[in-house]
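Report on the structure given below.
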Amino acid sequence: MKSEEVSLTKWHEDEKVWWDKYGRYMSYQWKLTPSLNKILRADLESDYVEFLLNPTESLLDLGCGSGWLSLYFAERGMKVLGIDISQEQIDASNSLRDQGRLENLEFECCDLVNWNSVKHQERFDNVFVNAFLHHLPEVELEMMFHKIATVLKPGGKVYMYEPLRSSSGTRCIGVRMVDAISSRMMHLLLNLLPGWFDLFSDEYKTELKNGYQMSSPHEDPIDIELIKKFCSDSFEVIEMKGWHLFSLGFAMQSMALKESVRGTYAGLAALWFRIDTILLRMFDWQDFSQPHRFILCSVKLLRK
Ligand SMILES: C[S@@+](CC[C@H](N)C(=O)[O-])C[C@H]1O[C@@H](n2cnc3c(N)ncnc32)[C@H](O)[C@@H]1O
């Protein structure tokens with residue numbers, strides 16, 4: 001990450017401004033349509049639900065965004081607190097909570113770097129981190145793991161789903177060929193064709209005019225070695241697993257297209273997900289790693 005290029009205060013200001021301005025559209029792309037979500041995330045959902053869901057327990061959702069995942073656990077009986085830096089995202093979360101009339105669901109708007117975890121010492125049974133940590137500068141990751149360790153009860157569980165990177169992958173010739181072909185296909189299908197045939201939705205075009213890009217200012221995959229290092233004192237690493245190489249990015253970008261072509265692209269996203277699954281059986285996710293490739297992986301931790 002580029003923490004030395006920008007001050008920490010500016011880093012968080014940039015993220016907050018970006019999420020307040022574009023969070024609504026980004027959440028729309030990130031959540032996908034219900035059918036696309038089912039195709040791409042059903043197995044992932046079963047994995048975190050099996051690990052975290054227990055109606056008698058509590059859950060902290062860090063960087064909860066628009067609150068859809070907090071809501072999922074609260075609707076199934078868990079006592080949930082979701083925290084996010086963006087007021088726009090917390091407003092969206094609160095309206096979800098109000099629609100569901102859930103008293104076991106709370107949201108708080110706060111920069112988690114300044115969050116007073118000591119006040120919540122050993123309060124939670126579970127922590128869920130869905131694509132939040134890679135928005136932090138590397139120098140603050142260690143502190144965030146300390147905070148998670150502080151608020152968890154002994155034996156508590158953490159499920160993270162984050163873009164990771166690794167320097168220990170082989171990047172053999174097969175992987176490099178897959179990479180080269182995939183990036184060209186993605187560019188053709190998601191940039192060139194929609195440009196040539198006017199396939200982008202009007203809303204997306206308006207967002208683009210407004211300065212939108214599909215990444216927030218400082219997000220970047222996290223080095224897996226850092227996670228292992230920062231976890232070593234307080235956590236046992238139970239499992240690390242690669243889930244999405246190209247397919248999730250493809251599906252998100254296809255949300256920017258007109259509805260008339262979305263069905264065709266959903267079919268392609270499903271195909272791409274199958275290819276991801278096969279590749280992740282044939283190779284280790286680390287073999288595909290390059291500094292800025294978003295390889296979305298889960299990490300399961302147990303508080304010692
Ligand atoms: C990719 S979104 C994920 C949102 C949600 N977990 C989900 O899966 O829909 C990342 C979220 O992290 C939040 N975020 C970024 N930096 C933060 C910080 N320092 N403190 C709290 N939230 C932060 C953003 O506002 C954004 O909502």
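Order of appearance sets the numbers: ligands from 1, and atoms from 1 within every ligand. Worth knowing before you read on, the calculation uses all heavy atoms, side chains too, and leaves out hydrogens, waters and symmetry mates.
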Over 12 non-hydrogen atoms of neighbours within 6.0 angstrom of CZ in R274:
no
Step through the shown structure and confirm whether more than 12 heavy atoms of other residues, nucleotides or ligands are within 6.0 Å of NZ on K38.
no
Set of residues that line ligand 1, where lining means a heavy atom lies under 4.0 Å from it
H12, W19, W30, G63, C64, G65, W68, L69, D84, I85, S86, Q89, C110, D111, L112, N130, A131, F132, H135, L136
Regarding Y28 and E207, is there a side-chain donor-to-acceptor distance under 3.5 Å anywhere?
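Looking only at side-chain atoms, E207 and Y28 do not form any donor-acceptor pair under 3.5 Å.
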Does one side chain, of Y22 or N210, offer a donor that lies under 3.5 Å from an acceptor on the other?
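There is no such pair between these side chains.
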Which residue pairs pass the ring-ring contact (aromatic ring centres under 6.0 Å, His included) test with at least one member in residues 104-127, sequence neighbours excluded?
W115-H120
Parallel, tilted or perpendicular: ring planes of H244 versus Y161, cut at 30 and 60 degrees
perpendicular
